[in-house]
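Whatever order the structure lists them in is the order used to number ligands and atoms, beginning at 1.
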Amino acid sequence: MTKTEDSKSTMRTMRLGHWWRFILFLAVLAGAQRSNAQDELWWKSTTVYQIYPRSFYDTDGDGLGDLNGIIQKLDHIQALGFETIWISPFFKSPQRDFGYDISDYQSIAPEYGDKQTCLKLIEAIHKRDMKIVFDLVMNHTSDEHAWFKESASSKDNPKADWYVWKDGKGKNGRKPPNNWKATIGGSGWHWHEGRQQFYWASFLDFQPDLNYSNPEVKQAMLDVARFWLSKGVDGFRLDIFNSIFEDTAFTNNPASLKIVPSEESPDGFFQKMKYNVNQEESFRFATELRAVVDSFQNPERFMVGEVFGDVETIKKFTSFENKDGLHTIFLFQTLSTPFKAKKWRKMVEHFEGNFPAPFVPTYVFSNHDRRRSITPLGNDVRKAKLLALFQFSVRGIPFTYYGEELGIEKPKLPLKTGKDPLAQRYKAIPQFMVDWTGQSLNRDECRTPMLWDTTAHAGFTSGEPWLPVAENLREKAVSVQEEDEESLMNFYRKMIRLRNENEVLQMGVLTVDEGFSSAKIFAFSREMKGQKLLVLMNFSKRNQKVESVSGENLISTYMDFSKTELKPFEGRIIRLQ
Ligand code: GLC
């Protein structure tokens with residue numbers, strides 16, 4: 001071969017090389033686009049399992065759950081069929097509010113592990129094709145955070161303005177600057193001897209609010225988000241996100257007759273929370289945060305906000321029209337809707353009517369602040385199965401709190417000895433009054449350790465558990481339910497598998513079925529790509545006759561069921577022909 005021929009052939013090879021590379025590039029791009037398309041949807045069709053790390057699984061015998069414990073128990077969550085895991089905060093913290101009082105956002109609390117274990121956890125979850133969501137506490141830090149210590153040290157230090165400081169009123173300036181109440185009642189203003197000023201805390205006194213009107217604070221917290229996103233975290237649950245901004249004129253809140261805040265409104269303690277909650281600036285901040293989160297892709301990242309407010313407020317936080325705010329919000333009405341067919345129908349119609357697709361509602365029945373979901377159901381496993389059937393067949397993102405799949409019940413733990421700072425704060429309230437309301441002021445009750453097996457402390461720890469293990473419930477442990485085909489846990493597995501295998505249950509259009517719905521039965525269908533599933537739920541304790549429909553029974557909360565009637569609290573899904 002002459003030199004020219006040689007160079008021609010080299011050119012050809014090069015061209016061919018480029019050509020193949022180009023094809024390869026297109027193929028990779030196509031692949032990436034395909035996975036992009038899927039990834040874009042992942043959070044819309046996902047299922048979330050919430051872990052309270054302190055109570056999940058202890059691997060070092062100190063009586064507290066840890067990150068290694070989560071790694072070791074990933075099989076359990078994956079076997080249930082969940083895709084996403086949200087973990088309550090495990091960052092450095094004095095643990096006065098068990099992690100919701102952070103003193104360093106980029107370090108791991110040593111009792112839970114270290115940075116390396118955290119990165120290992122992220123990797124372990126991703127290896128299983130699952131997602132991990134962190135809990136981002138942006139509104140406040142611990143009063144032991146270096147930022148607060150510096151801010152409190154004088155009125156003119158570089159961080160003097162990082163928190164919400166204000167002179168007091170009255171002759172000696174010892175009266176709170178205005179009438180604002182904390183979200184848990186009582187004035188949210190706290191006197192600081194050092195600065196001779198008050199600081200604002202939306203929650204407890206040791207959780208001072210950051211001052212988001214200061215651009216440096218905003219940047220510092222957006223950097224925290226960036227830091228964890230760059231480590232591969234798939235999204236955030238945003239703690240009390242509606243308290244981020246306060247009115248900078250510190251206008252007094254108007255009076256209200258409302259005593260206790262509710263799911264739809266933070267107003268309470270005889271006050272309209274007009275100037276300290278749900279501010280326009282907070283809605284705008286949601287879009288700023290979204291832009292940061294969106295700058296990380298493959299996969300698209302996700303945010304769910306803890307927000308209390310009416311439909312309009314929720315829409316504003318999500319920037320409903322432009323879809324450039326938070327991806328979704330907890331719709332907490334699920335927690336207070338009575339277990340009745342008509343009420344549930346109303347709730348679903350309310351969500352579907354106000355938050356139609358592409359908005360994705362959330363369905364949550366308990367968390368680390370609320371009663372265990374089976375408690376208001378009278379600890380009735382039949383009802384718990386119906387709840388699960390509903391949660392994984394309705395249009396929205398289901399959130400399951402660890403132990404909910406076992407039917408862990410709320411134990412009675414007295415306020416007086418509660419470890420929860422809220423219990424401490426309210427310990428003067430007579431126990432009989434707390435029992436009478438049926439509510440839980442002692443959040444220890446929903447944080448008792450996970451039940452793994454029938455050994456001592458239900459296999460949670462080899463040491464002394466930080467909260468009492470519900471030893472009387474050991475028959476509900478994972479190892480026991482594993483062996484029982486009809487157990488609640490096995491029903492969760494079947495139901496989630498059904499959802500995972502049927503796109504129509506994830507993304508299908510939901511329509512209330514007028515024909516089957518009644519005072520006792522709530523029925524709806526899910527429809528997509530020519531497929532139609534009918535979901536029937538009997539909310540009564542008696543058998544209910546139903547017209548037999550032609551179709552395939554996909555699942556029932558009972559092993560044996562009849563075509564023409566629904567058993568007490570039976571739920572069933574039928575693929576219509
Ligand atoms: C949220 C958390 C709760 C915490 C509080 C203060 O409501 O869910 O557990 O105590 O915010 O961060």
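For an aromatic pair to be called close, the ring centres must be under 6.0 Å apart, and Phe365 with Tyr401 fails this. Ring pair Trp180/Phe250: centre-to-centre distance below 6.0 Å.
For Ser202, the side-chain hydrogen bond (donor to acceptor under 3.5 Å, both in side chains) partners at least two apart in sequence or on another chain are Trp200, Asp209.
For the pair Lys316 and Phe283, the cation-pi criterion (under 6.0 Å, within 45° of the ring axis) is not fulfilled. Under the 6.0 Å distance and 45° angle rule, Lys231 counts as a cation-pi partner of Phe227.
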Please tabulate protein-ligand N/O pairs under 3.5 Å for ligand 1, atom names and distances to 0.1 Å.
{"residue": "ligand 1", "atom": "7 (O)", "partner": "Glu306", "partner atom": "OE1", "Å": "3.2"}
{"residue": "ligand 1", "atom": "7 (O)", "partner": "Glu306", "partner atom": "OE2", "Å": "2.9"}
{"residue": "ligand 1", "atom": "8 (O)", "partner": "Arg237", "partner atom": "NH2", "Å": "3.0"}
{"residue": "ligand 1", "atom": "8 (O)", "partner": "His368", "partner atom": "NE2", "Å": "2.8"}
{"residue": "ligand 1", "atom": "8 (O)", "partner": "Asp369", "partner atom": "OD2", "Å": "2.5"}
{"residue": "ligand 1", "atom": "9 (O)", "partner": "His368", "partner atom": "NE2", "Å": "3.0"}
{"residue": "ligand 1", "atom": "9 (O)", "partner": "Asp369", "partner atom": "OD1", "Å": "2.7"}
{"residue": "ligand 1", "atom": "9 (O)", "partner": "Arg443", "partner atom": "NH1", "Å": "3.2"}
{"residue": "ligand 1", "atom": "10 (O)", "partner": "Asp97", "partner atom": "OD1", "Å": "3.4"}
{"residue": "ligand 1", "atom": "10 (O)", "partner": "Asp97", "partner atom": "OD2", "Å": "2.5"}
{"residue": "ligand 1", "atom": "10 (O)", "partner": "Arg443", "partner atom": "NH1", "Å": "3.0"}
{"residue": "ligand 1", "atom": "11 (O)", "partner": "Asp239", "partner atom": "OD1", "Å": "3.0"}
{"residue": "ligand 1", "atom": "11 (O)", "partner": "Asp239", "partner atom": "OD2", "Å": "3.1"}
{"residue": "ligand 1", "atom": "12 (O)", "partner": "His140", "partner atom": "NE2", "Å": "3.0"}
{"residue": "ligand 1", "atom": "12 (O)", "partner": "Asp239", "partner atom": "OD2", "Å": "2.7"}

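Side chains of Gln50 and Phe399 form no contact here, defined as non-hydrogen atoms less than 4.5 Å apart.
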